[in-house]
Amino acid sequence: MKRLRFPYPLQPLRVPGGWHITVNTLFEVEAGPDTMQWFSSALLLWGHCRDTGYGFNSHFEPEDDPYGEFVLEMGKVAYDRHGKAVKGGEVFLGEYRTRSKAAFVDRVEQFMQDPAA
């Protein structure tokens with residue numbers, strides 16, 4: 001099986017124990033006219049912590065606009081004692097927007113470290 005090679009490495013992230021990164025298409029490259037194909041997916045990062053119920057997803061918008069923003073959406077899901085998500089137990093905690101990839105990465109790492117901050 002041939003392994004895919006990308007021209008850029010994945011963006012380094014500090015991920016605390018208990019967190020799972022389900023989607024990661026955030027590459028270590030700045031958004032610009034020549035690199036927009038690397039920011040065109042519906043999701044850049046998607047992570048959750050089953051123990052706490054906290055989670056996030058992120059994308060770049062407007063799609064294909066080199067002057068767009070990174071968008072981080074944060075939330076929490078309640079689970080019952082059997083580990084199943086409670087119907088209607090989702091809480092939207094807010095959104096963070098920035099044009100700076102460094103600020104975006106910092107906010108993602110901060111949320112995973114201390115979701116209540």
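Residues: numbered from 1 along the sequence shown. What you see is a predicted model, and the numbers here were worked out from it, not measured in a lab.
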inquiry  = Run R97 and E69 through salt bridge (charged side-chain N to carboxylate O under 4.0 Å, His left out) and show every step you take.
reply    = CA-CA 6 Å; R97 293 175 170 263; E69 299 177 297; 3.1 Å; yes
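- Residue F39 is tested with Y8, F60, F104 for a ring pair (Phe, Tyr, Trp, His ring centres under 6.0 Å); the sole match is F60.
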Side-chain donor-acceptor contacts of residues 72-89 below 3.5 Å, not counting sequence neighbours, with atom names and distances?
| unit_1 | atom_1 | unit_2 | atom_2 | d |
| --- | --- | --- | --- | --- |
| D80 | OD1 | H82 | N | 2.8 |
| D80 | OD1 | G83 | N | 3.0 |
| D80 | OD1 | K84 | N | 2.9 |

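- Counting all heavy atoms, side chain and backbone alike, L26 lies closest to V105 at CD2-CG2, 4.1 Å.
- Interatomic distance, CG of L45 versus OG1 of T22, reported as 10.5 Å (0.5 Å rounding).
- Evaluation of the side chain to side chain contact (heavy atoms under 4.5 Å, CB included) rule for P62 yields D65 as partners, not counting sequence neighbours.
- Under the rule for a ring-ring contact (aromatic ring centres under 6.0 Å, His included), H59 has no partner lying at least two apart in sequence or in another chain.
- Within the 4.5 Å cutoff, no side-chain heavy atoms of E63 are placed close to those of M36.
- Residue pairs that meet the side chain to side chain donor-acceptor pair (under 3.5 Å) test with at least one member in residues 103-117, sequence neighbours left out, are R14-E109, R107-Q110.
- Qualifying side chain to side chain contact (heavy atoms under 4.5 Å, CB included) partners for V15, counting only residues two or more places apart in sequence or in other chains: L13, W19, I21, M112.
- Across N57 and W46, no two heavy atoms sit closer than the pair CB-CD1, 4.0 Å.
- Atoms NE2 and CG, on H20 and D51 in that order, are 7.0 Å from each other to the nearest 0.5 Å.
- In this structure, the separation between CG on L43 and CZ on F56 is 10.5 Å, given to the nearest 0.5 Å.
- The number of heavy atoms from other shown groups lying within 6.0 Å of OH (Y67) does not exceed 12.
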Tabulate below the donor-acceptor pairs under 3.5 Å that side-chain atoms of residues 27-35 make, not counting sequence neighbours, or state none.
| unit_1 | atom_1 | unit_2 | atom_2 | d |
| --- | --- | --- | --- | --- |
| T35 | OG1 | E30 | O | 2.7 |
| T35 | OG1 | G32 | N | 3.0 |
| T35 | OG1 | G32 | O | 3.4 |

| task | May I have the step-by-step check of ring-ring contact (aromatic ring centres under 6.0 Å, His included) for F70 and Y96, ending in yes or no? | result | CA-CA 8 Å; F70 293 93; Y96 174 78; 9.9 Å; no
